[in-house]
Structures are given as structure tokens and as C-alpha cells.
Amino acid sequence: MSGNITLLEQAIAGARAEGRAALVAYLPAGFPTVDGGIEAVKAAFEGGADIVEVGLPHSDPVLDGPVIQTADDIALNRNHVRIADVLRTVREAFEATGKPVLVMTYWNPVDRYGVERFAAELAAAGGAGCILPDLPVEESEGWRKAAFAHGLATVFVVAPSSRDERLARITAAGSGFVYAASLMGVTGTRDSVGAQAADLVRRTRAVTDLPVCVGLGVSNAAQAAEVAAFADGVIVGSAFVKAILTHGDDLASGVAAVRELAAALAQGVRRPSA
Amino acid sequence: MSGSPEKPVFFLPDTEGPVPTPEGYFGVFGGKFIPEALVAAVDEVAAEYEKAKADPAFAAELDALMADYTGRPSALTEVPRFAREAGGARVFLKREDLNHTGSHKINNVLGQALLTRRMGKTRVIAETGAGQHGVATATACALFGLECTIYMGEVDTRRQALNVARMRMLGAEVVAVKSGSRTLKDAINEAFRDWVANVDRTHYLFGTVAGPHPFPALVRDFHRVIGVEARRQLLERTGRLPDAAVACVGGGSNAMGLFHAFLPDAGVRLVGCEPAGHGVATGEHAATLTAGEPGILHGSRSYVLQDDEGQITEPYSISAGLDYPGVGPEHSYLKDTGRAEYRAVTDDAAMQALRLLSRTEGIIPAIESAHALAGALEIGRELGPEGLLVVNLSGRGDKDMDTAARYFGLYDPTDDVDEEHEGAVQ
């Protein structure tokens, strides 16, 4: 079975046709439980997310701030989440909603599981692609071949520090969309969206026709509206995780909070602030 | 040779070796697995290092520091009373413990501090396990007037409290890291998070021969003086090369520093001693090359302690400096090519070697270095009286006296011993 890269492309194009940015949510698999995580992903879609990135938790999440570190810790050390659980999360979320689901993780779990095996199983689960933020384009050829063969997108991250020639090289290798980091730093909510984000989107669009989605630090509808004014998509992660963490073991309330946050953000991406 | 007196040379980068490749590969190991946000900074370090290597002024300044500040060359000490327990083989210690700050770490730190200044950066961050790299980094930052933040696992801030005080005395901020196993691995994670956020003005002064390219080669080059000196000193003193060069391996910087000059000497066995903790079979160890599998940790491919799905497993060693689930990629390369061999040494064997050297020679080694001494005792017995060994005494043991006193029961039993401390040593 081929992966759902086309569904991903259609989701972003569809949002654009509606004159709005796409809403991309991030939620780690296995958090707060494996089944609870699946409910949370479905709730994000129900609330209005166009795309969900399912996190494959890692023991050493060096690009994540304290919120996602805490979620990864719960997923791995309390719930003992396995890659099979991550793939089940992708499958059930896709089957229930018909919407594009990506996996976001660090490179070592994929490398260890086997590149071909992981790509094949992710595609079979209905996944649309992968974001691997510590796999630079120079080291990515093996993964990209497998991803292409299985109909999966390879979404690369670009940063404010990326020079124009690197942006060209990275975007030429990527597919689906480009993940533009709004600021220099790890994941986590911020009071304001980095001023560098708009400039990075402009420089990225100058070298590629791929849609450009902005993440890192976006947590509320006002910020989503701000980003939607200059980007093709708005990516929100830690705020969703926090919504669940706030409710502790009260899963129903956590899932409801995810749905409400997605709904608020979905309003945000529909009213770009000029 | 000209008539002018020859100046000692301590900065001895490898200019001929086949590894690493321009992409940073030692065989299949190494590379550069880093987030895009760090690519520009890591490339800048590589470019600045290449420029520095070609700049005689850089070498002259570093050589002067190594002579007048560090106190190089370091001594080579024969330890005959210790060697009686090593099958009668002759044993020489390369005395990196006598360097300023008390370990080999200063060699790399001074080189990278000069690079930091050349890049125009004003702030330095570093990880530390035992605190030796942190102390050396704080020292260089005091010397050069650089802002300094050291990340150290919370467990290690307790078992190496003396070094925490030293770093703070030198003006560094010490951050106790409370994530994961709260040891060296987690300190590195936190340092990377800081670097991503502050990369504009901050250099990450990486402390071992691991991490993304160019760090494995760069750190090795700054420590290469250890083996070059030891090789020359041994030839002068004994007229021959050793049968084995022995060093402890956590990340592997002191071992690579000793080994590198001996790589072309096929008759010299290169032996790395990894921490077996409570025994490799117990699972409570940090013997990465003995029990690990290739994977990616902290920016490069190397042997890693991990589970079947690529999650890094928590290491254990009595030695904070060796308590790390990764290892430098060049060691992985040397293991797979067979040029070096690695064996695992338990906590108990290391502590017995620590006490033996103290009582036979009046030298108290760091617990890290004691792993190499324990390995040397085994190898000496294998070689017999004709054997000749050189061991890298990478650091001195002052910092470890609390751990050692509790291990051997040296405190007065009527003293009030803090139970939390007691737990940290078990």
C-alpha cells in the first residue's frame, strides 16, 4: 500500500483554496496512554486540524522543551510505548478521519528499526510522511529513497540561521511541505512568534514552490492568525500537550481540551491578521 | 635544523590520517546528525579550525599556553611497586593528572577557547560528568574573560561536589540537569538545547571525541600531544615501544589522545578500558563498545547503549566521567577494524586499582583513570616480566575522595554521614 503524500498535499492546497492557512497539530503517541493518545489525535482533527503530526517518543529529545520532554517520558517510562503503538495511532487516526497523519521523531529510532521496514509499515498504516529534525539533508538519501518508494513525504525543517543556498538545497530534497522554525530554540510555547519567521518564509518561498508551514512557539488563536497572514500552515505542538498535562489523569477532560484548542486555532487560521 | 633553539611543539594535529573523511566519517561511523538550526554553527567551527590549523600564530599561542599555563610536557613516571601486581611487567604512567586543573581535559579546552575567541563568540557552554571538563572549561573562560555555563547531571553534582565548588569559584554558572538519568548524557542534551537557542554568541565547547563532525577529529587533535610525548619519552627511557598503550574510555578523549600517535606502530596494542559498573551481565554498566550496537547519539553514528527500538538505555558507573551510553566514532572504527581492543572493568576492580596505586606509589588517581590501571594489571599479568606498558593517568583523584572514602569506609564511623550522599555511591 502506498502512503498518503497526495492526501497531505491536497489538505494544504484545500486550505489555500479556502483562502486560509492549514492547521497542523502535534501530539506524541503513547501519551497520556496509548488509547488516550489516539483519542487526542482524533479530537484534534474533530476540532479542526487539517494535519496531525504523531510524535514517536524518544529517550533523548534534544530539540524539545520541558513540555514535550515530560510527555515523552510518560509515554516511554510509564506506558512503555513501542513503535507498533505509534503505527497503530497513525492507522486508527487515519481510518477514523481520512485525514493526513505524519510521524515526527528523531533519527535513531528509525535507523534502528530499519529504514525500509519503517517506511513500509508507516505507509501501510496510512501515514502521509515523516519529519526527522535531526536528520540533515546530507545524511538523508537512504531515507528519502525509501519514503519516495512508499509514497511518503519527507518534510525538512529550515531555521532562521539557514542561508539561502542551504534553503535551496533542503527544499529541493523535501516533499509535502517545508517546516519553518519560527525562532532559534527548542519546542515550547512562547509569548510572541519570532520576528524572524516572516523573513524565513519569504526567503524559503523564493527558492521553492512547496508550501511553507511555521512552527515553534505558536500556542493560541491570536498567534495562529498572525502566522496565517504569511505562511501556508500553522504548526502547534506544546500547547496541545500542555492541554492534556493540565488535566492529569482526567483523560476525558484532556481530550476535550485538545478539541477546544484545535477549534480555537482553526478560527485563528481563518482570520489572518493583516 | 637552524641554529635557533627549537621551541617545543604541543599542538600536533593529524595531517596525514585517512580518517575522518571530509564529511566526518571514520569508516561507517561519525557524520553530522544535527538539527538545521545548528548546521551553520557547526560548519563555522569546522571552517575556523581549518583556518587555525594553517595559521602559525594559532599554533604558537596554543603551544605557549600548553607550556607555561598547563605545564607541558607532562611527566612519564615508572611505577615499579605498583607493577609488582602487574605480573612484573614494566609500567609507565603518562601523568596528565599533573596538568593544570588536574586532568587531560585542559589540552582540548585551551584549543577550543582560542577558537571561540577567533569566532568572535563571547559565551561558552559545556557539559561535564566528573567535573574535570567543566573545571577546565571554567578555567579557560576565566583566563580569556568569557561567560561560562556548565551543564552537569544532578547525580553528578552530588558525587562530584568539590568540582562544582571549583567551577563556581572560577566564575562559571553550574546548571544541575534533572532530566533522564541525571548524568552526563542528560547534561549533553541540555547543553544542545542551550546551544540551539543561543548559537549566535555561544560556542559549545564539547569535551570529548564524540558529537557531530568536526568535534571527534578536533578534540582528538588537541589531545594528540599525549601520545606523541609518551611515545618519545618511552623511547628515550626504555629504547623501545610499549607492548600496550592503555587508557580508560567514556567518550574516549584521553584514550584517543594516547592511542593516535601509536596507530602506525602495529606492534603496540591499543587497549581501551570501559566501565563495567556492577558487571556487564547485570545490565548496570556503561561499557558501550563491549555491549552496545551502532546508532546515533549526540550527533554522530557510533556504538550506543540502546534497546531494540533505538531508545537510549541508562548507563551506570561509579565513575561520573565514564557514565555515558555513547562513545567517540573513531573508537568504534578502531574496534571494528581491530586496531584497538576494548575490555570492561568493574567498579570494584577500578577501586582496588585506585587504592593500590595510592599505597604503592603515592599517586591518587581519578576513578576514571583507575579503570585503565585495573586493565593494566590484567594485561601486565598476561604479558609477564618482559612486558612494557604505558597507561594514561588522565586525572587526579582529589575530586573522588568522598566517593572513595565511602567505598572503603575511611570516614570515622561516628561521623554523621549524609544519607543522600551514601545513596549516590551505591
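Predicted, not measured: the structure shown is a model, and the values here were computed from it.
Under 3.5 Å, the side chains of B:Asp194 and B:Tyr151 contain a donor-acceptor pair of N or O atoms. A side-chain donor from one of B:Thr149 and B:Glu173 sits under 3.5 Å from a side-chain acceptor of the other.
The part of A:Ile170 that comes within reach of chain B is its side chain, from C-beta onward, which places non-hydrogen atoms under 4.5 angstrom from that chain. Of the two parts of A:Leu183, neither the backbone nor the side chain holds a non-hydrogen atom closer than 4.5 Å to a non-hydrogen atom of chain B. The contact between A:Asp111 and chain B is made entirely by side chain atoms (from C-beta outward), counting heavy-atom distances below 4.5 Å. With a 4.5 angstrom heavy-atom cutoff, A:Asn77 does not touch chain B via any of its atoms. Both the backbone and the side chain of A:Pro61 come within contact range of chain B, judged by heavy atoms closer than 4.5 Å. Contact of A:Pro136 with chain B is made through backbone and side chain together, with heavy-atom distances under 4.5 Å. Neither the backbone nor the side chain of B:Asn198 comes within contact range of chain A; no heavy atoms are under 4.5 Å apart. A:Arg82 touches chain B through backbone and side chain together, each having a heavy atom under 4.5 Å away.
With contacts defined as side-chain heavy-atom distances shorter than 4.5 Å, the pair A:Trp143/A:Trp107 qualifies. Proximity of B:Gln112 to B:Leu218: side-chain heavy atoms (C-beta onward) are separated by under 4.5 Å at one or more points. Annotation: side chain of A:Leu56 is in contact with side chain of A:Phe118 (closest heavy-atom distance under 4.5 Å).
Interface remark: of the candidates A:Thr70, A:Leu76, A:Val158, A:Leu135, A:Leu76 forms the most heavy-atom pairs closer than 4.5 Å to chain B. Per-residue heavy-atom pair counts under 4.5 Å with chain A were compared for B:Asp307, B:Asn189, B:Leu38, and the maximum is reached by B:Asn189. Counting heavy-atom pairs closer than 4.5 Å to chain A, the top residue among B:Ala40, B:Gly299, B:Ala37 is B:Ala37. Taking chain B as the reference chain and counting heavy-atom pairs below 4.5 Å, the highest number among A:Pro66, A:Pro160, A:Pro109 is found for A:Pro109. Between chain A and the options B:Gln311, B:Glu309, B:Glu314, heavy-atom pairs under 4.5 Å are most frequent for B:Glu309. Chosen from A:Ala181, A:Ser162, A:Gly65, the residue pairing most often with chain B at heavy-atom distances under 4.5 Å is A:Ser162.
Using cut-offs of 30° and 60° for the angle between ring planes, the B:Trp195 and B:Phe215 rings count as perpendicular.
In summary, B:Asp323 and B:Arg159 engage in a salt bridge, as defined by a charged side-chain N under 4.0 Å from a carboxylate O. Checked for salt-bridge contact, A:Asp232 and A:Arg205 meet the test: a charged N lies under 4.0 Å from a carboxylate O.
One finds the OG1 atom of B:Thr202 at 6.0 Å from the CD1 atom of B:Ile125 (value rounded to the nearest 0.5 Å).
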